[in-house]
Amino acid sequence: MATQDGGEEVIMETEAKPKGAEALGEDAEKGETESTSHPVAGDATTQDSNISNGDDTDDEREKVDLKIIWNKNKYDLKIPIDNTGAQLKEKIHSLTGLPPAMQKVMYKGLLPEDKTLREIKVTNGAKIMVVGSTMNDVLAVNTPKEVIQQEVKAEEEKKEPLCRQKQHRKVLDKVKPEDIMPSIKGTKERLPTVPLAGMYNKSGGKVRLTFKLEQDQLWIGTKERTEKVPMGSIKHVVSEPIEGHEDYYMIAFQLGPTEASQYWVYWVPAQFVDAIKDTVLGKWQYF
């Protein structure tokens, strides 16, 4: 286009934007700003930065390294020293699959559930012994054991009191042992840390009982020898107070399927009878 002075006027032409596109661009810019300022709900990246994995507290707590020994297997475990025995059992469960109720945990004796590892002076690198069977093992082994217990109980109910039977009278009619442990009628006590001694066996000889919890064994000792009996092999425990001396009991350990396999012990102090049964038959208490 020519101007009056003969020059040419340059006209810059720009491409017109459709109104719809202009609005769309503004909205996109606005949305981008809002996205930056206000994180969208459900954004995994944003949420993860605010969620604790639950381990923060444990990471800051003093811990001890333990060696868990169960069923000839060894496991390394790092656990806060202020955890209780019950919490340790849960950790052992996660390692071995052995339910807490089925565990006997030993560290200088049977480990109490209600005390912390610090209170019982567990040290770094300590070996923790665990005895027990998984539920499948228990069902496989204990089903016939329970049947035997029921049969023995039925037979007991049919008979006269055991202490009146001839086979027992020949032992009970002997003089009461002078070195027998003192008894307390009507009470229940933990198993002592020393063997139960001064009692008689079926032949009238002196016998002592030692409960080796760390080995899950009952040691039956006489002057001649000591029998090391796995507690899992004892099918039943028969007990009855001695007439005229109800603060003492006669006890039989069922080592096989018949009465001939019962091992009798006489003059057992009454306060230890329940502890003996619970320990041998697996209804464990913290002794």
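Throughout, residue positions are numbered sequentially from 1 according to the sequence presented.
Applying the side chain to side chain donor-acceptor pair (under 3.5 Å) rule to S203 yields the partners N201; only residues at least two apart in sequence or on another chain are considered. In terms of the side chain to side chain contact (heavy atoms under 4.5 Å, CB included) criterion, residue partners of A197 (sequence neighbours excluded) are, by chain and number, R208. With sequence neighbours excluded, the residues that form a side chain to side chain donor-acceptor pair (under 3.5 Å) with K206 are D179. Residues passing the side chain to side chain donor-acceptor pair (under 3.5 Å) test with K176, sequence neighbours excluded: none. Residues forming a side chain to side chain donor-acceptor pair (under 3.5 Å) with D76 (at least two apart in sequence, or on another chain): K67. With sequence neighbours left out, the side chain to side chain contact (heavy atoms under 4.5 Å, CB included) criterion links I120 to L111, P112, K115, L117, V122.
With hydrophobic clusters built from ILVMFWY side chains whose heavy atoms lie under 4.5 angstrom apart, W219 does not share a cluster with V268.
Between V105 and K89 the shortest side-chain heavy-atom distance falls below 4.5 Å. Using a 4.5 Å heavy-atom threshold, the side chains of V64 and T123 count as separate. I184 is listed as a side-chain neighbour of T187, based on a closest heavy-atom distance under 4.5 Å. Within the 4.5 Å cutoff, no side-chain heavy atoms of L255 are placed close to those of Q262. Residues M199 and L209 are in side-chain contact: their nearest non-hydrogen atoms beyond the backbone lie under 4.5 Å apart. Contact check for P100 versus H93: side-chain heavy atoms found under the 4.5 Å cut-off.
A side chain to side chain contact (heavy atoms under 4.5 Å, CB included) with K104 holds for exactly one of M129, E214, M231; it is M231.
A cation-pi contact links K174 to Y200, judged by a cut-off of 6.0 Å to the six-membered ring centre and 45° from its axis.
There is a side-chain donor-acceptor pair under 3.5 Å between K202 and Q167.
Salt bridge status for K121 with E119: absent, with no side-chain N to carboxylate O gap under 4.0 Å.
Checked against the 6.0 Å centroid criterion, the rings of H236 and F253 do not qualify as a close aromatic pair.
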